[in-house]
Number of protein chains: 2
Amino acid sequence: MKESGMAKPRRMGTETSETRVRLLDVTERIMIDDGYAAVSSRRIAKDAGVTPALVHYYFGTLDDLFLAVLKRRADQQLERQRRTISSSPRPLRRLWDVSKDPDGTALLSELMALANHRKIVRSELATYAEQFRKVQLEALQEHLAASGVDLHGVPVVSILVLIAGMSRGLMLEHSLGMETGLAETEAVIERLLDDLDRAAEASLT
Amino acid sequence: MKESGMAKPRRMGTETSETRVRLLDVTERIMIDDGYAAVSSRRIAKDAGVTPALVHYYFGTLDDLFLAVLKRRADQQLERQRRTISSSPRPLRRLWDVSKDPDGTALLSELMALANHRKIVRSELATYAEQFRKVQLEALQEHLAASGVDLHGVPVVSILVLIAGMSRGLMLEHSLGMETGLAETEAVIERLLDDLDRAAEASLT
DNA sequence: GTCTATAGTTCGATAGAC
DNA sequence: GTCTATCGAACTATAGAC
């Protein structure tokens, strides 16, 4: 299955085309720098040095393009994510550092905003996001169960929700130009995660 | 100062016009329901039952309209916010409940997304957001200092950043259709805030 | 595989009548 | 205070030449 559903018999570029990859790269960059609303076939074409028609040749509609951006990112990260948690000695801190990546966070924020008024993007994004959380939860639960660390009644999944929410939140406020409380809060969270990681490490020895 | 800078000598409606208020209401509703990208003079006019030209008559440009939406909301909330914290027996829980308001959170999220590519919106929003945080911080610091509660090294401002970030985060994930971990995490945060509130109350008696 | 040309929309904003 | 009429620009998407 290379494209959505039983589409019209229209010509469409191959998955491996270099141009296709470049168009995805350019689209990601526009979304990160100027927001999803700045994405148009003309803008993409201009930035990529091709003509607007090529965008439609490769992706059909803009919805399909957004879905392709989402799918590529998500597939890239999913397997890596699973390994990250189960192989790192400090999985929580590692997860936090990965979540803090400015580009990734910005792109995710834009996709979430986009999902607000593109039904197909919403359902795809929700599916991926749930999948991510479950993969992370499984790996983390395994890790913490083995170490027998005490969370004082806090569900393991809440640590993941906290990491996801606060990395997005801090990044958003920072890119807005806010300052009050950001650095302190980042430090508090990192200390918390480090403490948990260390406690888990200690119980394992 | 009723409008931005030394604008052209163009006619413009009064601040108190009923139509103007209705246009602001309709614009807020569109942003909350369908996102800022759905806002256009034609859409506003249609929903408000007037003609598109009226939007420009009252607000000039769309930027001015967005700024008016922001200003009205912010001014409404600012004084109320200050009173909320210093008058409630459980200020943190109260702040959390207010922050959870779906409409307010959605509108703020849209304004933040909008700020991503409208310079003037960004700087105004950042100014207001910083002002909010400082007002909250001042009131909260006073409250907590009087009660002498122990935060175990967590800065007071971080509680505010947490409330802001997680209320937005939980709401975003919920509106996306996600489920895993949301209810548990909301409960954890509310327990934490309630505990702090109770501790502060107890030290005051 | 990539291009030109273009149809068909929708938009912001303004001028000027009422 | 509200309307009609309209200009000029940007956009999505397609058909068909090369």
Side-chain angles (χ1 to χ4, degrees), chain A residues 2-27 30-31 34-69 114 117-121, chain B residues 2-27 30-31 34-69 114 117-121:
Chain A
K2 58 170 27 169
E3 281 306 330
S4 54
M6 311 261 95
K8 298 131 212 162
R10 175 133 138 263
R11 296 202 299 169
M12 187 155 298
T14 62
E15 287 265 343
T16 55
S17 156
E18 272 183 33
T19 305
R20 197 191 126 103
V21 171
R22 186 145 43 98
L23 292 178
L24 285 176
D25 290 341
V26 166
T27 304
I30 296 172
M31 291 179 76
D34 298 333
Y36 72 85
V39 173
S40 71
S41 43
R42 283 170 161 80
R43 168 71 187 275
I44 296 168
K46 183 164 153 285
D47 290 7
V50 299
T51 61
L54 257 198
V55 178
H56 296 287
Y57 168 67
Y58 279 108
F59 298 101
T61 71
L62 283 191
D63 271 346
D64 292 330
L65 169 62
F66 285 127
L67 289 182
V69 167
L114 183 61
H117 62 282
R118 297 233 189 189
K119 248 176 69 183
I120 180 71
V121 174
Chain B
K2 56 166 34 164
E3 279 309 326
S4 53
M6 311 260 96
K8 297 132 213 164
R10 176 134 137 263
R11 295 200 300 169
M12 189 156 295
T14 62
E15 287 264 343
T16 53
S17 156
E18 273 183 32
T19 305
R20 198 192 125 103
V21 171
R22 186 145 41 99
L23 292 179
L24 285 176
D25 290 341
V26 166
T27 304
I30 295 173
M31 292 180 76
D34 298 335
Y36 72 86
V39 172
S40 72
S41 45
R42 285 171 164 80
R43 167 71 186 274
I44 296 168
K46 184 164 152 285
D47 289 7
V50 299
T51 60
L54 257 197
V55 177
H56 295 287
Y57 168 68
Y58 278 108
F59 299 100
T61 72
L62 283 191
D63 271 346
D64 292 330
L65 169 61
F66 284 127
L67 288 182
V69 167
L114 184 61
H117 62 281
R118 298 238 188 185
K119 250 177 67 183
I120 180 71
V121 175

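Note on naming: letters A, B, ... go to the chains in the order of the sequence lines (proteins, then strands), and numbering restarts at 1 for each one.
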For this session: Could you list the residues that satisfy side chain to side chain contact (heavy atoms under 4.5 Å, CB included) with A:Leu62, not counting sequence neighbours?
Result: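 A:Leu65, A:Phe66, A:Arg118.
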Exercise. For A:Ala48, which residues count as a side chain to side chain contact (heavy atoms under 4.5 Å, CB included) partner, sequence neighbours excluded?
Worked result: A:Arg22, A:Leu23, A:Val26, A:Val50
Seminar exercise, completed: Expected string for nucleotides 3-12 of chain C under the B/S/- scheme (protein heavy atoms, under 4.0 Å, primed atoms plus P, OP1, OP2 as sugar-phosphate) is SB------BB
For this session: To the nearest Å, give me how far apart CZ (A:Phe59) and P (D:dT14) are.
Result: 15 Å
Problem set entry | side-chain contact (heavy atoms from CB on, under 4.5 Å) between A:Leu24 and A:Phe59, worked out | CA-CA 10 Å; A:Leu24 285 176; A:Phe59 298 101; 3.8 Å; yes
Problem set entry | Nearest atoms (heavy-atom pairs only) where B:Ala45 meets B:Pro52 |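 In this case the closest contact between B:Ala45 and B:Pro52 is CB-N, 3.3 Å.
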Exercise. Does OP1 or OP2 of D:dT2 have a side-chain N or O of B:Thr19 closer than 4.0 Å?
Worked result: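 It does, given that an N or O in the side chain of B:Thr19 lies less than 4.0 Å from OP1 or OP2 of D:dT2.
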Exercise. Distance check: side-chain N/O of B:Tyr58 vs OP1/OP2 of D:dG1, anything under 4.0 Å?
Worked result: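 The answer is no; no side-chain N or O of B:Tyr58 sits under 4.0 Å from OP1 or OP2.
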For this session: May I have all residue pairs that pass salt bridge (Lys or Arg N to Asp or Glu O under 4.0 Å) and include part of residues 46-55 of chain B, sequence neighbours excluded?
Result: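 Listed once each, the pairs are B:Arg43-B:Asp47.
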